Amino acid sequence: MATSNFDMIVIGAGPGGYVAAIRGAQLGLKVAVVEREHLGGICLNWGCIPTKAMLRSSEVFHLMHRAKEFGLKADKIDYDLDAVVKRSRGVAKQLSGGVGHLLKKNKVTVVMGEASVPAKGKVSVTTDKGTQELSAPNIILATGARARELPGLEADGDLVWTYKHALTPPRMPKKLLVIGSGAIGIEFASFYNTLGSDTTVVEVMDRVLPVEDAEISAFAKKQFVKQGMTIKEKAMVKQLDRGKGKVTAHIEIGGKIEKHDFDTVISAVGIVGNVEGLGLEALGVKIDRTHVLTDAYCRTAVEGVFAIGDIAGAPWLAHKASHEGVMVAELIAGQSPHPVKPESIAGCTYCQPQVASVGYSEAKAKELGYDVKVGRFPFVGNGKAIALGEPEGMVKTVFDAKTGELLGAHMIGAEVTELIQGYVVGRTLETTEAELMETVFPHPTLSEMMHESVLDAYGRALHF
């Protein structure tokens, strides 16, 4: 069988993969993408995008119940779960189709099938028409990850769900258990709780949203409890007894086992990299706990083989994958891109209220030896937040007391996932407190809280 030759082959068409392919094509490389399931990967089809569409529906539902606060009337408010899911799937389909258009526009060859790397510079693809052989001096692994399943807690699609089942639910849970309070778990908890599920969240760590700053986690917990959620921290689900229409969860807290009944369980206990079946070990690519080991430029131990996105480890974020894809494509094309800095990548969680952060938490900065200055500003002190009816929230900034470097920023409240980028740009530009203080923030906006938090770190807050 004839072999098709390329300059670069990308395995996986998620955010990192298709962006790498497009950037490579822009730089004059002959590029092929191999995808086994659907263009856009998990993010566009089963992750970032459809979950945000569903969360938007629950947010509107929540606001409709608050109509009276805004001088409005809305009676007999209800929802149609099938219609909510249909809208979510439609949004995902639209964007997935857009990826196909972009790849075609940039003359990227798309091969649908299961890929393996039998030798350096070689990719074998099993398609519905047989096997297709491809070759290229540069291969980018962008195969993503899938939900981790713990022994005894495996999903069955009926009583126990993964994120995929939760996106196309067979029913509305009445009593829901969410195992894990990272971004995925807490977003689904927020969605279903808002629509009326009696929701319990179990977290093995000592606080919900454990990767966030401790103050933000504490604030979030108070809001979740206020919304009716039950939060169990330093707790572990040891066993699930599945019966007819119900699950009995054995939850260990403080060395004692509690038993609680639920009709639905969502398992959100992390992810594992899709490294199987590629032939990576035989090739010499090093793997640690299902993730490919790379250097700062996403190069593996094998020359000409790169790994980007979720398969290459934390942070497991689509925008990190995309940026890595651009960096690797530029590296292959002979340019000199800067390596991606994980500590300057923002994390966003679209629960109610939203959570966003970049850089080091206060505790992490101190652990690293920094003498810090910390500023805070509450949403209740901001005119736009009051006008929006969103007074619950906080912006927190962490600075190096010696140099003024912005070490980290942490937010919770309305639309903070949109606000955080201001601090991300600041870190990229190596901004100090001086530039941020001198920046004129428009009024009335939520962004003014970012300014006030900086001012507060230096004892200069004006409105609180």
Side-chain angles (χ1 to χ4, degrees), residues 182-183 205-221 296 313-317 319-320 323-324 327 337-349 353-379 381-382 393-413 415-441 445-464:
M205 304 296 283
D206 62 353
R207 53 194 175 88
V208 293
L209 296 169
V211 302
E212 299 296 340
D213 183 271
E215 257 184 284
I216 300 298
S217 291
F219 194 106
K221 180 185 177 181
W316 295 292
L317 301 165
H319 43 289
K320 172 249 196 186
H323 205 77
E324 287 176 339
M327 177 191 70
H338 293 290
V340 176
K341 297 179 179 179
E343 66 274 12
S344 289
I345 297 172
C348 297
T349 305
Q354 293 181 7
V355 176
S357 60
V358 65
Y360 302 128
S361 66
E362 180 181 357
K364 184 63 177 179
K366 289 177 178 176
E367 181 187 317
L368 292 171
Y370 288 101
D371 180 16
V372 302
K373 282 186 177 290
V374 179
R376 301 170 183 81
F377 195 81
F379 269 53
N382 177 263
M394 174 176 67
V395 177
K396 177 177 179 179
T397 45
V398 183
F399 292 90
D400 182 344
K402 295 177 182 177
T403 66
E405 177 188 358
L406 175 63
L407 298 174
H410 311 273
M411 306 175 171
I412 184 167
E415 301 305 327
V416 296
T417 57
E418 298 294 335
L419 295 178
I420 194 64
Q421 187 60 17
Y423 287 133
V424 176
V425 172
R427 278 183 59 80
T428 301
L429 295 175
E430 299 183 354
T431 297
T432 69
E433 92 289 353
E435 290 82 17
L436 290 168
M437 285 182 180
E438 291 166 10
T439 299
V440 180
F441 287 73
T445 65
L446 297 175
S447 70
E448 291 174 277
M449 291 183 287
M450 299 166 65
H451 191 216
E452 290 280 0
S453 180
V454 174
L455 292 171
D456 182 60
Y458 291 83
R460 292 174 52 180
L462 298 171
H463 291 95
F464 193 75

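As the structure is a computational prediction, the values presented were derived from the model and not from experiment.
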Could you tabulate the donor-acceptor pairs under 3.5 Å formed by side-chain atoms of residues 363-373, not counting sequence neighbours?
from: K364; atom 1: NZ; to: E367; atom 2: OE2; distance (Å): 3.3
from: K366; atom 1: NZ; to: E362; atom 2: OE2; distance (Å): 3.0

I'd like to know if the side chain of S217 and the backbone of V208 have a donor-acceptor N/O pair within less than 3.5 Å.
yes
Reported CG-to-NE2 distance for the pair L317 and H323, which is rounded to 0.5 angstrom:
13.5 Å
What distance separates T432 OG1 from E438 CD, expressed to the nearest 0.5 Å?
8.0 Å
Search all heavy atoms of A346 against all heavy atoms of H319 and return the closest pair with its distance.
O-NE2, 2.6 Å
Is there side-chain contact between V424 and V358, with at least one heavy-atom pair below 4.5 Å?
yes
S361 and D213: which non-hydrogen atoms are nearest, and at how many Å?
CB-OD2, 3.5 Å
Rounded to the nearest 0.5 angstrom, the CD-CG distance for E430 and L406 is 11.5 Å
How long is the straight-line distance from NE2 of H338 back to OG of S344, given to the nearest 0.5 Å?
12.5 Å
At their closest point, which heavy atom of A214 faces which heavy atom of R207, and how far apart are they?
CA-NH1, 3.6 Å
Once side-chain hydrogen bond (donor to acceptor under 3.5 Å, both in side chains) is applied, what residue pairs with a partner in residues 455-464 remain, sequence neighbours excluded?
E452-H463
Keeping H410 on the side-chain end and T397 on the backbone end, is there a donor-acceptor pair under 3.5 Å?
no
Can you tell me how far the CD1 atom of I345 sits from the CD atom of E324, to the nearest 0.5 Å?
6.5 Å
Here's a test for you: under side-chain contact (heavy atoms from CB on, under 4.5 Å), which of I216, V211, I412, L209 qualifies with T349?
L209
Evaluate the side-chain proximity of E418 to Q354: yes if any heavy-atom separation is below 4.5 Å, no if none is.
no
Give the minimum heavy-atom separation between E415 and L446, together with the two atoms involved.
CB-CD1, 4.1 Å
For T403 and E433, which heavy atoms make the closest approach, and how far apart are they?
O-OE1, 4.5 Å
With sequence neighbours excluded, tell me which residues meet ring-ring contact (aromatic ring centres under 6.0 Å, His included) with Y423.
none
Got V454 and F399 here, is their nearest side-chain heavy-atom distance under 4.5 Å?
yes
Got a donor-acceptor contact below 3.5 angstrom from the S453 side chain to the M449 backbone?
no
Answer yes or no: are there more than 12 heavy-atom neighbours, outside E343 itself, under 6.0 Å from its atom CD?
yes
How far apart are the C-alpha atoms of H451 and L436, what are their side-chain angles, what is the distance that settles it, and do they pass the side chain to side chain contact (heavy atoms under 4.5 Å, CB included) test?
CA-CA 7 Å; H451 191 216; L436 290 168; 5.8 Å; no
Output the distance between atom CE (M394) and atom CZ (F377), rounded to the nearest 0.5 Å.
12.5 Å
Could you pull out the closest heavy-atom pair between P337 and M327, with the gap in Å?
CG-O, 3.4 Å
